[in-house]
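Take a look at the structure set out below.
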Amino acid sequence: MGVSRRTLLGGAVALTGAAVALRAPWVADATAPAATASPFTLGVASGDPTPDGVVLWTRLAPDPLAPDGLGGMPSRPVLVEWEVAADAGFRAPLARGSAVARAEDAHAVHVEVAGLRPAAEHFYRFRVGTEISPAGRARTAPAPGARVDRFAFAIASCQSRPDGYYNAHAAIARDDLDLVAWLGDYIYESAAAGVPGRAHLPAREAVSLADYRLRHGQYRTDPDLQAAHAAAPWAVTIDDHDVENNWAGDVSQVDDEPDDDPAVFRARRADAYRAFWEHMPLRRAQRPQGPDMRMHRRLTFGDLLDLHLLDTRRYRSDQDPKRPRDRARTMLGAEQRAWLTTALAGPTARWNALGQQVFFSPRDLTAGPATGLDEDSWDDCAAERDALRDHLVAARTPNPVILTGDVHAAHACDVRADFADPSSRVVATELVTTSISSGGSGSARGAGDAALLAENPHIRFVDRRRGYVRNVVTPREWRADFRVVDTVSTRGAPARTATSVVIPDGDPGARA
């Protein structure tokens, strides 16, 4: 593993489509015309692994910063070949095929490879004419019900490009991970300058399909982000800045812009969703239909882990701090809530993770007897939050762990049976990842953190530096390493573990 990953991260190759006969390892097609520029400027990615396959992704974009968002590609379709092998040198090919990259999809390709071995390391690459892409590494999921002794994955979110460099992604690429779970805010829609050389394109708020395509293309040019995608498969979900700050359902942020009209906002969301899907290793099941995109789904890793990915934006009630306990208010919506509660009550793995976007545990943000809540968190839908917590208990869901992004600070929280009673038993654990870069470099502690911890005794830990959470799950315990970098103002800052918490099997709660 060590040799093959070093070979991979040193920067080799990638491919996509219908199976063809295997033959000797690839060489560039000398009969094809030479390209004027590499079409693989945005790298490669894989996602949503199953026991027999994985999604492979790339997008052809010889000019990724073209203002029209089309990546410098002509309007005609292009044939893209793909290859999967058991080794980083592609001497042992396992499958090959081809796919058509079409202009209407911004020349992105999504290949749902099947027929691979479970719980196995695979390498993949793409080819167009004489151009061969960088290589990616993907590990398939274990077979259904198979005994799994160890599963390692990262959770990460919030990577505002103008706020700094992706040093945390460089560290993720070096970790030996089976998966990266992305919890939202892959791009930021705003106009921002920030760190020199990392200003947003276009230099205005993204509102159209061309804008969102250009913004995604710009983000994808980052070498550390490309390395993190190439090193392991990703499972992604969406949050507000992927469309617009603090949107909810069909309601945009109130800002006197044209999308205050719900019809205009739905059109904007359709464009944002389309560009998001074009740039993510997602399956056809997640392909948007206009302003609708189904992001909730479950990934299973043998008998050890079920990962339930949620969408806390598309179906939620508009924020209203005056009615947090109104039972009609929802974060999940009826269909997603029914899917989740059924899944959590049925046969599950030993550990059950909920990958979602916004803070689940209560947070009183005001010192003293007054209460100050974050209306963009589950506190805004407290009745539904408490009902979901109670369902975990009633259904006896094994080892529930809630995974959260959004707030640009790392936390570990005990989810109690009665949030109003600090002595009530702990029934689940929440792990909150900080941002990759959003908010700038940050610091270990903020001015109000002592009061935050005093007002919220169920919050066990807080750190406001940038980074991610590395999770190593075994049948005996879940270990979460809160990885931080000291700065995002310059590229190359190393990551280190600020603290670790352990959740024993059958005994929820974060132990330092």
Residue pair Y188, R161: steps toward the side chain to side chain contact (heavy atoms under 4.5 Å, CB included) verdict: CA-CA 8 Å; Y188 278 65; R161 178 185 171 94; over 6 Å; no
Do [X] and [Y] meet the criterion of a side-chain donor-acceptor pair at a distance under 3.5 Å?
X: T312; Y: Q357; answer: yes
X: H458; Y: E430; answer: no
X: Y212; Y: R268; answer: yes
X: T330; Y: R337; answer: yes

Answer yes when [X] and [Y] have at least one side-chain N-carboxylate O distance shorter than 4.0 Å, and no when they do not.
X: D463; Y: R465; value: yes
X: D380; Y: R329; value: yes
X: D242; Y: R313; value: no
X: D376; Y: R316; value: yes
X: D163; Y: R466; value: no
X: R269; Y: D250; value: yes

[X] [atom1] to [Y] [atom2] distance, which is reported to the nearest 0.5 Å:
X: L65; Y: L201; atom1: CG; atom2: CG; value: 6.0 Å
X: Y468; Y: W182; atom1: OH; atom2: CH2; value: 13.0 Å
X: E375; Y: D318; atom1: CD; atom2: CG; value: 8.5 Å
X: L183; Y: L354; atom1: CG; atom2: CG; value: 11.0 Å
X: Q356; Y: H296; atom1: CD; atom2: NE2; value: 14.5 Å
X: L344; Y: H308; atom1: CG; atom2: NE2; value: 5.0 Å

Do the ring planes of [X] and [Y] sit parallel (below 30°), tilted (30 to 60°) or perpendicular (above 60°)?
X: H279; Y: H216; result: parallel
X: Y219; Y: Y166; result: tilted
X: W234; Y: Y186; result: perpendicular

Audit row: R314, D292, salt bridge (charged side-chain N to carboxylate O under 4.0 Å, His left out) steps and yes/no: CA-CA 8 Å; R314 171 65 188 90; D292 299 320; 2.7 Å; yes
For D255, all residues meeting side chain to side chain contact (heavy atoms under 4.5 Å, CB included), sequence neighbours excluded: E244, Q253, E257, D259, D260
Of F482, F461, F359, the residue whose pairing with H411 passes ring-ring contact (aromatic ring centres under 6.0 Å, His included): F359
Member of E335, Q286, Q289 meeting the side chain to side chain donor-acceptor pair (under 3.5 Å) criterion with R294: E335
Test applied, side chain to side chain donor-acceptor pair (under 3.5 Å); reference residue, R363; option that passes from N456, D374, D379: D374
Summary of salt bridge (charged side-chain N to carboxylate O under 4.0 Å, His left out) pairs that have at least one residue in residues 272-285, sequence neighbours excluded: E112-R283, E112-R284, R213-E278, R274-E278
CA sep, side-chain torsions, deciding dist, call: F276, V243, side chain to side chain contact (heavy atoms under 4.5 Å, CB included): CA-CA 9 Å; F276 185 87; V243 180; over 6 Å; no
Derivation and outcome, side chain to side chain contact (heavy atoms under 4.5 Å, CB included), residues V195 and R491: CA-CA 11 Å; V195 173; R491 190 187 301 278; over 6 Å; no
Side chain to side chain contact (heavy atoms under 4.5 Å, CB included) evaluation trace for D48 with L299: CA-CA 7 Å; D48 281 21; L299 302 179; 4.0 Å; yes
